[in-house]
Amino acid sequence: MAAAEWTSWRPLRLAEDIPAGTLAEQMDGGQSFRWSREAAGSWVGVFGRTLAAVRPGPQGLEWRGLPGATQAEADLRRYLDAEGSQAKLSEALPWRSDPVLRAARAAYPGLRILRQDPHETLIGFLCSSNKRIVQIRVMVAALADKLGEPLGAGFHAMPTWQEIARAEDATLRACSLGYRAAYLRGTAKQLLARPRWAEEFAALPTAALLEELQTLPGVGPKVAACVALFGFGRLESFPVDTWVVQALGDAYGLRGWKPAQLEQFGKAHFGEAAGLAQQYLFSAARNGLLSRGAVIVPTKPTRPRPRK
DNA sequence: GTCCAGGATTCAG
DNA sequence: CTGAATCATGGA
């Protein structure tokens with residue numbers, strides 16, 4: 001197949017700069033499963049029907065896309081919150097009185113919640129249960145490559161519910177979905193009968209949205225919270241996963257609390273942008289920056305010790 | 001071989 | 001209602 005005909009790299013002006021480390025965490029930190037790192041330190045991925053690449057440059061973030069994709073820049077700007085609407089929400093988080101949040105926030109300055117498509121977010125997190133992020137990326141990539149509409153340069157859009165419903169069992173099995181294949185099938189079957197579901201869901205207040213999402217097979221409290229946060233822009237949504245359980249247990253002394261209790265704590269403690277706080281904590285915990293009630297500041301990259 | 005993974009569902013009590 | 005078992009798959 002032909003090599004991608006990219007536009008040249010161009011600056012993407014952001015209200016606030018994204019440091020390279022934060023960009024990596026934002027593109028590959030479990031919000032979206034559609035970005036991959038290229039050799040030159042850039043990130044390439046698909047969101048909606050837009051193919052784009054981004055990289056940190058000397059003057060700030062740079063991007064490129066396919067020629068003729070006239071909406072790509074506007075789409076990317078919205079996707080990355082280029083206008084900075086989350087900046088004041090982040091500023092308003094209780095980081096001044098909360099040393100754990102302060103450290104996590106300082107570790108990933110400029111980290112934002114990606115504004116993703118509800119459909120794509122739902123598919124991604126339907127695949128997410130009991131899987132590592134790298135493995136989720138493999139599943140989602142296989143779904144797109146085998147079932148999604150070709151976008152050129154070998155990239156594909158996420159499959160529609162119809163494309164998922166029509167797929168052969170063998171095709172889904174080849175995506176390494178395991179028991180999650182039934183989640184996708186079941187949700188596809190329900191939402192096929194409801195083509196405007198995303199708009200209908202978007203009109204609901206957050207509590208009702210979370211409830212409605214959980215009527216779908218494969219969607220429990222945690223997946224619903226992720227879809228509400230990343231796909232519907234509900235910044236107050238507070239997903240409680242294994243990393244957040246660990247972070248709140250270790251660094252906040254909440255060991256033994258059940259997920260529902262931790263969710264309530266998170267919403268009460270962090271407020272209207274609890275989901276953004278959650279993402280700071282999630283990233284810090286997953287990268288080993290929180291432990292045992294203290295915030296660990298790494299001095300050197302830890303290297304696995306040779307074992308006998 | 002064992003254990004675990006951005007959990008959800010089903011079943012027993 | 002709560003807690004435990006089960007669910008496919010791949011990597012460490």
Side-chain angles (χ1 to χ4, degrees), chain A residues 24-35 104 108 111 113-114 116 118 120-143 146 167 169-190 210-232 234-235 237-250 256-264 266 274-290 302-308:
Chain A
E25 182 61 29
Q26 187 163 281
M27 308 316 270
D28 193 24
Q31 295 193 54
S32 167
F33 306 104
R34 292 284 274 156
W35 294 88
Y108 301 98
L111 182 66
I113 301 299
L114 296 172
Q116 300 182 66
E120 301 187 351
T121 310
L122 179 52
I123 291 180
F125 283 94
L126 276 172
C127 296
S128 72
S129 77
N130 216 13
K131 274 296 178 186
R132 286 188 175 83
I133 289 174
V134 285
Q135 198 55 42
I136 301 167
R137 283 181 42 196
V138 171
M139 294 188 277
V140 170
L143 279 169
K146 294 178 191 304
D169 279 341
T171 307
L172 281 190
R173 205 171 313 123
C175 295
S176 303
L177 297 165
Y179 60 83
R180 300 159 201 81
Y183 295 167
L184 278 176
R185 291 279 203 201
T187 292
K189 185 180 176 187
Q190 285 197 26
L210 292 171
E211 218 174 305
E212 191 70 22
L213 283 166
Q214 288 177 77
T215 66
L216 300 171
V219 180
K222 188 270 175 183
V223 168
C226 285
V227 175
L229 176 60
F230 304 125
F232 288 93
R234 305 301 169 94
L235 276 291
S237 181
F238 191 83
V240 177
D241 74 322
T242 55
W243 292 107
V244 173
V245 169
Q246 179 187 308
L248 294 181
D250 288 352
W257 287 40
K258 286 173 286 189
Q261 297 176 304
L262 293 174
E263 181 180 10
Q264 191 174 4
L276 182 55
Q278 177 271 164
Q279 198 60 30
Y280 288 127
L281 296 176
F282 172 86
S283 296
R286 196 170 74 92
N287 291 297
L289 306 184
L290 305 177
T302 52
R303 190 177 297 263
R305 296 194 314 184
R307 346 177 2 189
K308 279 212 51 130

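Only a predicted model underlies this, so the values are computations on that prediction, with no experimental measurement involved. Chain A is the first sequence line, chain B the second, and so forth, proteins listed ahead of strands; every chain is numbered from 1.
- Comparing C:dC7, C:dG10, B:dA8 against the side chain of A:P221 picks out B:dA8 as the nearest.
- In this entry the distance linking CZ of A:F125 with C1' of B:dA8 reads 15 Å, nearest Å.
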Exercise for review: Apply salt bridge (Lys or Arg N to Asp or Glu O under 4.0 Å) to the pair A:R185 and A:D169, showing each step before the final yes or no.
Suggested key: CA-CA 10 Å; A:R185 291 279 203 201; A:D169 279 341; 2.8 Å; yes
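- In this structure, the nucleotide among B:dG6, C:dG3, C:dC7 sitting nearest to the side chain of A:K258 is C:dG3.
- Using a 4.0 Å heavy-atom distance criterion, A:L229 is classed as making no nucleic acid contact.
- A gap of 22 Å separates the P atoms of C:dA5 and B:dG6, to the nearest Å.
- Relative ring orientation between A:F282 and A:W243 is described as perpendicular, the plane-to-plane angle rising above 60° on a 0-90° scale split at 30° and 60°.
- Look at NZ on A:K131: it is 18 Å from P on B:dC3, rounded to the nearest Å.
- Among the atoms of the strands shown, only primed sugar atoms or phosphate atoms (P, OP1, OP2) are found under 4.0 Å from some heavy atom of A:V219.
- A:V240 is not listed as a side-chain neighbour of A:K222, based on a closest heavy-atom distance of 4.5 Å or more.
- Look at CZ on A:F238: it is 13 Å from C1' on B:dG6, rounded to the nearest Å.
- At the heavy-atom level, A:Q279 lies under 4.0 Å from base atoms of the strands shown.
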Practice item. Start with the C-alpha distance between A:L143 and A:C127, add both sets of side-chain angles, then the distance that settles side-chain contact (heavy atoms from CB on, under 4.5 Å), and finish with yes or no. Key: CA-CA 10 Å; A:L143 279 169; A:C127 296; 3.9 Å; yes
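- Separating the P atom of C:dA8 from that of B:dC11 is a span of 14 Å, rounded to the nearest Å.
- Among the protein residues, A:G30 comes within range of the nucleic acid bases, having at least one heavy atom under 4.0 Å from a base atom.
- The shortest distance between the side-chain N/O atoms of A:S128 and the OP1/OP2 oxygens of B:dG7 is not below 4.0 Å.
- For A:W243 and B:dG6, the ring-to-base geometry does not satisfy the stacking test (centroid distance below 5.5 Å, interplanar angle below 30°).
- For A:L122 and B:dG6, the CG to P distance is 19 Å, given to the nearest whole Å.
- Residues A:P239 and A:Q214 each lie close to DNA chain B; by heavy-atom proximity, the contact nearer the 5' end of the strand is made by A:P239.
- Counting heavy-atom neighbours within 6.0 Å of A:E211 CD, excluding the residue itself, gives a total of 12 or less.
- The nucleotide whose nearest atom lies closest to any side-chain atom of A:S176 is, among C:dC7, B:dG6, C:dT9, C:dT9.
- Spacing between atom CG of A:L126 and atom C1' of B:dT9 amounts to 14 Å, rounded to whole angstrom units.
- Residue-environment remark: CD (A:Q190) exceeds the threshold of 12 foreign heavy atoms within 6.0 Å.
- A straight line from CG of A:L177 to P of C:dG10 spans 10 Å, rounded to a whole angstrom.
- The nearest whole Å value for the distance from the OH atom in A:Y183 to the C1' atom in B:dT10 is 10 Å.
- Of the candidate nucleotides C:dA8, B:dG6, C:dT9, C:dA8 has the atom nearest to the side chain of A:R180.
- Judged by distance alone, with hydrogens and angles left aside, A:Q135 brings no side-chain donor or acceptor close enough to the base of B:dG6 to form a pair under 3.5 Å.
- Atom pair A:N130:CG and C:dA5:P shows a separation of 15 Å (rounding to whole Å applied).
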